[in-house]
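See structure below.
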Amino acid sequence: MNKRLSFFVLALMLGFLQGTFSPVRAADLTPEGKFADSAVKEKSPLINDINRNVWQFSESRFQEVKSSKFISDLLEKEGFHVFRDIPDMPTAFIARYGSGSPVIGITAEYDALPGLNQKAGIAREDPDPARVNGHGCAHSALGAGSVGAALAVKEWLKDKPGKGTVVLLGTPGEESGYGKIHMLRRKCFDGIDVVLSWHPMDLNHAWGRRALGVHNVQFKFTGTAAHAGGAPEKGRSAVDAAELTNIGVNYLREHVSSQTRMHFAWLDSGPKAPNVVPAHAALFYYIRTPNVKDGRETLDRMIDIARGAALMTHTKMEYEIVGGTYDFMPNPIIIKVLSDAFMETGGPKFEEEEFKIARQFLDILPADKRAEAIAAGALHDGVAPEEFAKRPLSVQVEPYSPFDNNLITVSFDLGDISHLIPTAQIYIATGPPHTGLHTWQQAAMAGTSIGDKAAQSAARAIALASIRLYLNPSLVAKAKEELKKTEKEKYRSLFPESVKPLPVN
């Protein structure tokens, strides 16, 4: 039995014995919890409007013109000071309210993915011809929940001048665009003491696990074209060099850490005619590692492999490091505050309307995956499998465990922020287990009341955590000290200065 499953079983047993899994009732909320719950309830129409409108706009990375304007205009009307003039990033913005410290930053994403233009609530592939993108990672709900939290915090700060500041960071281009890193380099995170965030998922929990960092590198090979039949001796194949590079990297896989991931795509595979010795070829590699040191070492070895391939084929090799992000490092003090707030305010308040939608998406899963999804959800929520099959959306919150040291093998641009500012993130169900992110199914569900309710849940938890940090600023100081002890070397961006925020090609 793996560690995660063991934890679930233990939590399940304790839940039945002690009532851990029973829903949080309004009467159980602390005064601050009641405030957050009430403020989010009051702002829920605005939260829902953001989710539905941004979902409909469905704009891909760094092209979120309508989404950014809709959200920033709303914040301005609600009394925030909005700053939009961020160099090279017209769809980024910073919205501030309050004065004094702590200064709590809340990140909001709103970019969609190319394709995935599925119609809302339809449990079969049915693209909407009016759109070309879709919220297959539910960033429409993500942005809505973060804004909802900022609006609730504003209500708390309204009659407390000097007690703290809330900053909503409109961070475009998360999907392979590394928008937060570009904003970090433009000093948008300067002066922020703590960063709080959330992300759509299929269960509810505070994420205390580290995620992999990533280095992105492109290799370009130039050879000599020739007729492959008539004069092959005159040709020098760039494709041969690229293929030898791939072979070398495959042999390298045995000699890197077990958590390291290396994957690639062909950017240029040469001419389509087989009787031409190809004079050009190009590769794009991602190198995911548990820390920056491992990433740099693996990158250097990969560059040497590409050099060797060029020597063997008498071709020329050029490489360009086009970006990357540090591993995500949740701050244990801040994640505990956010987790406790999430446990108190509870998971999404799904009702029969949402369960009915979710059942349709559960039913289209293959039988074995459907059974796994029901088992995972039932175990997490502490209910019988047949009960979860009727209500296949997670509503219970898994508490933070400081003993869960497993890595999550993905990368995201919050990683760099977490090495400079104490950072925490929670995950909230926006679909049944095993329906997956970056899918048309997720896009379809995000544009329904499932996305609305998940966003409201995020707003409650992040708002309550923020209020507790304002009331206990010493926790912020301790979190900063913890970060100093953890960091082994000075932060240095993996992005070359020449790289600009670019839309999807």
Side-chain angles (χ1 to χ4, degrees), residues 1-26 28 118 120-125 138 141 199-207 342-401 404 426-437 439-458 460-461:
M1 185 180 291
N2 63 38
K3 286 171 59 181
R4 189 169 178 81
L5 186 57
S6 299
F7 172 79
F8 275 139
V9 171
L10 177 61
L12 183 59
M13 292 171 62
L14 291 173
F16 283 135
L17 292 172
Q18 300 176 3
T20 302
F21 283 92
S22 60
V24 175
R25 301 182 300 274
D28 299 328
Q118 175 71 11
I122 306 297
R124 66 179 188 280
E125 283 198 74
H199 199 282
M201 193 56 71
D202 56 6
L203 298 170
N204 307 302
H205 57 104
W207 198 267
F342 195 16
M343 290 291 292
E344 179 176 332
T345 56
K349 298 178 181 179
F350 294 129
E351 299 180 79
E352 178 54 28
E353 178 184 353
E354 292 76 50
F355 293 128
K356 182 179 179 181
I357 296 168
R359 282 195 297 271
Q360 298 174 51
F361 287 88
L362 181 68
D363 288 344
I364 64 173
L365 291 174
D368 58 337
K369 296 297 181 185
R370 184 176 185 275
E372 289 176 12
I374 292 170
L379 185 62
H380 184 276
D381 273 22
V383 297
E386 55 271 23
E387 178 61 25
F388 191 82
K390 295 176 187 174
R391 301 158 63 87
L393 290 169
S394 180
V395 295
Q396 301 298 343
V397 180
E398 175 190 341
Y400 162 64
S401 170
D404 187 356
I426 54 176
Y427 289 79
I428 298 179
T430 51
H434 298 346
T435 50
L437 296 175
T439 64
W440 64 263
Q441 292 95 328
Q442 178 64 86
M445 287 183 281
T448 71
S449 56
I450 293 176
D452 299 341
K453 297 287 181 68
Q456 293 169 31
S457 177
R460 289 192 296 271

List the steps and the verdict of side-chain contact (heavy atoms from CB on, under 4.5 Å) for Leu362 and Ile374.
-> CA-CA 9 Å; Leu362 181 68; Ile374 292 170; 4.0 Å; yes

Kindly state each residue pair satisfying side chain to side chain donor-acceptor pair (under 3.5 Å) with at least one member in residues 367-377, sequence neighbours excluded.
-> Asp363-Arg370

After noting the C-alpha distance and the side-chain angles of Arg359 and Glu352, does the key distance pass the salt bridge (Lys or Arg N to Asp or Glu O under 4.0 Å) rule?
-> CA-CA 10 Å; Arg359 282 195 297 271; Glu352 178 54 28; 2.6 Å; yes

Minimum heavy-atom distance between Ala120 and Gly447, given as atom pair plus value | CB-O, 3.8 Å

Closest non-hydrogen contact found for Gln442 with Ala138 is NE2-CB, 3.9 Å

Derivation of the side-chain contact (heavy atoms from CB on, under 4.5 Å) call for Lys349 and Arg460 | CA-CA 11 Å; Lys349 298 178 181 179; Arg460 289 192 296 271; 3.7 Å; yes

Sequence neighbours left out, what passes ring-ring contact (aromatic ring centres under 6.0 Å, His included) with Phe355? Give chain and number order.
-> none

Close side-chain approach of Ile450 and Phe350, heavy atoms under 4.5 Å | yes

Sorted by chain and number, sequence neighbours left out, side-chain contact (heavy atoms from CB on, under 4.5 Å) with Thr435 holds for Pro432, Met445

Between Ser394 and Ala429 the two heavy atoms that sit nearest each other are O-CB, 3.8 Å

Can you spot which of Val395, Leu393, Thr448 makes a side chain to side chain contact (heavy atoms under 4.5 Å, CB included) with Glu354?
-> Leu393

Stepwise, does the salt bridge (Lys or Arg N to Asp or Glu O under 4.0 Å) test hold for Arg391 with Glu387?
-> CA-CA 6 Å; Arg391 301 158 63 87; Glu387 178 61 25; 3.7 Å; yes

Taking atom CG of Asp28 and atom CD of Glu344, what is their separation to the nearest 0.5 Å?
-> 8.5 Å

Nearest 0.5 Å, what's the NE2-CD1 distance between His199 and Ile426?
-> 12.5 Å

Quick one: are Met201 and Leu437 in side-chain contact, heavy atoms under 4.5 Å?
-> yes

Quick one: does His380's side chain have a donor or acceptor within less than 3.5 Å of a partner on Asn204's backbone?
-> yes

For Gln118 and Arg124, indicate whether the former's side chain and the latter's backbone hold a donor-acceptor pair under 3.5 Å.
-> yes

Non-hydrogen atoms of Leu365 and His434 that approach each other most closely = CD2-O, 4.0 Å

In short, Met343 meets Glu398 closest at the heavy-atom pair SD-C, 4.1 Å

What are the two closest heavy atoms between Phe342 and Val397, and how far apart are they?
-> CD2-CG1, 3.5 Å

